[in-house]
*Asks:* 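My questions will all concern the structure given below.
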Amino acid sequence: MPSIPRVDLSLRRLWRTTAFRLTILYAAVFIAGVMALLALVYADAAGLLTAQMDQVIIGQARALSREPVDTLPARIDQAESADLRHVNYYGLFSENGIWITGNVRVLPAYLRIDGPPGVLRGPHFQPGARGLAKRLPWGEILVVGFDAKVLSGLRNIILQSLLVSGGLILVVGLSLGAAMSLGPLRRIQGVQDASQRIIDGDLTARLPVSSRGDEIDRLAGIANTMMAEVVRLLGEVLSVGNNVAHDLRTPLTRLRALLYRAEQSTGEGDPRQAMLEQALSETDSLLARFRALQRIAEIDRRERRAGFAEVELEPLLRDLAELYQPVAEDGGQALTLRIGPARPIQADRELLFEALSNLMANALKFTPEGGQVTLTLSDRPRGPRLEVADSGPGIAAEEREAVLQRFYRSRRDQGTPGSGLGLSIVAAVARLHEFELTLADAAPGLRVAMDCWPIAPKY
Amino acid sequence: MARILCIEDDETTAREIVSELTAAGFDVEWVADGREGLVKAVSEPYAAITLDRLLPNVDGLAIVSVVRQAGIDTPILMVSALGDVDERVKGLRAGGDDYLTKPFASEELSARLEVLLRRQRRAEARETMLTVGDLDMDLLTREVRRGGRELKLLPTEFRLLELLLRNSDQVLTRSMIFEAIWGYRFDPGTNLIDVHMGRLRRKLDPPGAQPLIHTVRGSGYALYPAR
């Protein structure tokens, strides 16, 4: 029986849910939006602040440049000591750039003299500080700079809010996403549990439907309706099958009885006798086929593992070989028994014997005179393997699945008697035991193997 | 003439059983209702009873149990559409002597019934020697002789011949033989039993000798001396 793996609620699985991925996507877009907004605010504010700073610098430079040259250093020192916030920079340099006074000790060569204010770089300046260089009428160079510390402050504020808001969005988004996906995941788990019960044969199980009426509920509702329909149809098919079986049983028995009586009442040499005999044998094969069908249904219906007991395979195979040895001898075939040590298995002895007997009968039926039929018992890591191999024509690879179905008669069956149900009975027995049945090429011939251990789930 | 009680609610099946058993030389009385059948089974002497498993009013299983509790050991052949092994085991455990699944060949029914009747007659006698015509089987020494000549039989052949001898003059169907010798209830196909029978026959009836094993067309085998 196939089984559905249970949904695990780990983060890896969570990541694969639509709700979770959508939430993450929303969070990312939101963070990008916030970043763009803050960047815009920063750019605008920084532009405005820079323009204001430049005005301050230009104004100061202009005021200082009007000062007579002999009082200028004193004026600069005075301005410096009045600057309690340490936001102003001053520097007076000689014509060839040698420092005269001020807190700017080195002439920032990158500032164009008499040019517009620019950014002051270097270890002595705060980031965002601006300044200008101006040549005085006597040839000295005056440098005036300003750093209100607002730009770096602004940048810090923006970066901080970006970090805080981004982190907040991520944390809230992730937990919201997880919460949103866990709910549906749990519900899907419920759906899977119910589906597994149905696969296991509980046809009364239904998918859970909540009162929300969302997509999952609608899908579950559809599946439940389909399931109810399947159960109804199955019931109908079963009752039709049972009715057919019941309706056919009596007339078949009666027909057989009438033919038998008619055949018994014809005297020796009556030309009708041969016809009646043939009719009787046709009816017998009809009855045999009918019984085989009933048998398959009966095996399929059987309570799983009820009537199972420990079965030793070696005596079973010896019985089987003994039963078929005369048939092989009459058909001029060699029947070989290869028995290795094998552990006992849990099985229904009679059904297992019936299945092997069918395989044996098939093998002998299709092996030509002088051919070889081999019955093998071997021990595999997970349990014993039973194998019936013949040297007959074999079954084409594309037909091997189909021959296990009811009534399928392969090309090799043509012209041989049989119900076409032997292998179906074998398949039904294997199904009941959860044993795997494989048909392979024995080169030449057919090899049918029954692995006597439960099949591993395919999914 | 042996009296047989047939308890069967399906009229057509009942008619078939009655005509088959009448043709086989029995005096058959048919009852369709379970309760009436039970009353007759416990109050009148019958040689054997055929009993449907599913009946109106009183179920077949209940009838068997009550009849056996009343101390009546009339052979009972249960006939049922329920062919499941569990059902068969239930039927036999309740006290049924044999169990036949529908659809069945009518001669299978009479063959089984006659075997039951014979088993009943023979119940006390514990033979050590089985004899039919010039064939003797010593059950203690396990020797088989035909006309004084000893036959070498394999174990299965010996058991097969013992079954035929114990039921001589009696048709044994292939499924009865398969059941009795190998103990399995499934349909092994006609060929299997025929092959085993053929081997026994070659040892028992050499060319020129009067055959003891006879094929009964369409049904099975019977062992009886040449007449």
Side-chain angles (χ1 to χ4, degrees), chain A residues 242 245-246 248-261 263-264 273 276-277 280-281 283-285 287-288 290-292 294-295 298-299 301-303 306-307 319 322-331 348-351 353-355 357-358 360-361 364-365 417-419 422 425, chain B residues 8 10-20 23-24 54 79-89 100-110 154-157 160 174-175 178 181-200 202 216-219:
Chain A
N242 286 342
H246 190 265
L248 284 182
R249 209 152 24 212
T250 316
L252 270 178
T253 313
R254 223 180 325 157
L255 175 69
R256 172 73 175 63
L258 285 172
L259 283 172
Y260 177 66
R261 194 132 329 123
E263 195 253 7
Q264 295 283 305
Q273 195 168 39
L276 281 169
E277 250 173 50
L280 205 55
S281 104
T283 314
D284 276 341
S285 70
L287 277 168
F290 192 76
R291 268 195 298 269
Q294 280 187 304
R295 185 89 185 123
E298 180 198 316
I299 295 169
R301 237 191 353 255
R302 197 169 288 194
E303 191 71 24
D319 279 1
E322 194 248 284
L323 180 61
Y324 280 94
Q325 187 65 50
V327 181
E329 279 173 25
D330 277 15
D348 184 313
R349 190 180 200 279
E350 275 197 41
L351 284 182
F353 193 86
E354 180 174 351
S357 168
N358 272 301
M360 203 65 163
L364 290 167
K365 188 162 83 177
S419 59
I425 290 180
Chain B
E8 167 67 62
D10 180 58
E11 206 189 317
T12 31
T13 312
R15 214 181 294 142
E16 274 320 309
I17 294 176
V18 171
S19 58
E20 169 62 29
L54 297 175
V79 179
S80 172
L82 304 173
D84 217 317
V85 178
D86 301 345
E87 285 301 327
R88 208 181 74 233
V89 170
L100 188 59
T101 308
K102 293 180 192 175
F104 53 84
S106 33
E107 66 269 25
E108 177 93 33
L109 178 88
S110 53
L154 295 171
T156 309
E157 292 163 350
L160 208 50
R174 293 182 179 88
S175 60
F178 189 50
I181 302 297
W182 284 277
Y184 292 104
R185 288 285 305 208
F186 62 89
D187 181 0
T190 51
N191 181 37
L192 187 64
I193 303 301
D194 290 350
V195 167
H196 281 274
M197 221 43 160
R199 311 195 115 205
L200 177 62
R202 281 198 289 278
V216 182
R217 253 190 332 230
S219 32

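Convention: sequence-line order gives letters A, B, ...; per-chain numbering from 1. Given the structure is predicted, the values throughout are model-derived calculations rather than measurements. Side-chain atoms are counted along with the backbone in the values below, which use heavy atoms only and exclude waters and symmetry mates.
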*Asks:* Take the angle between the ring planes of B:Phe178 and B:Phe186 and call it parallel below 30°, perpendicular above 60°, tilted in between.
*Replies:*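 Because their plane-to-plane angle is over 60°, the rings of B:Phe178 and B:Phe186 count as perpendicular.
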
*Asks:* Does A:Tyr324 use its side chain to pair, donor to acceptor, with the backbone of A:Ser357 at less than 3.5 Å?
*Replies:*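 Side chain of A:Tyr324 to backbone of A:Ser357: a pair is present.
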
*Asks:* Atom CZ of A:Arg256 and atom CG of A:Leu252: how far apart are they, to the nearest 0.5 Å?
*Replies:* 11.0 Å

*Asks:* When you check the gap from the basic side-chain N to the acidic O, do A:Arg349 and A:Asp319 get nearer than 4.0 Å?
*Replies:*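 Yes.
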
*Asks:* What part of A:Leu364 is in contact with chain B, defined as an atom under 4.5 angstrom from a non-hydrogen atom: side chain, backbone, both or neither?
*Replies:* neither

*Asks:* Using non-hydrogen atoms only, which part of A:Glu322 is less than 4.5 Å away from chain B: side chain, backbone, both, or neither?
*Replies:* both

*Asks:* What residue, out of A:Leu258, A:Asn358, A:Leu323, A:Thr283, has the most heavy-atom pairs lying under 4.5 Å from chain B?
*Replies:* A:Leu323

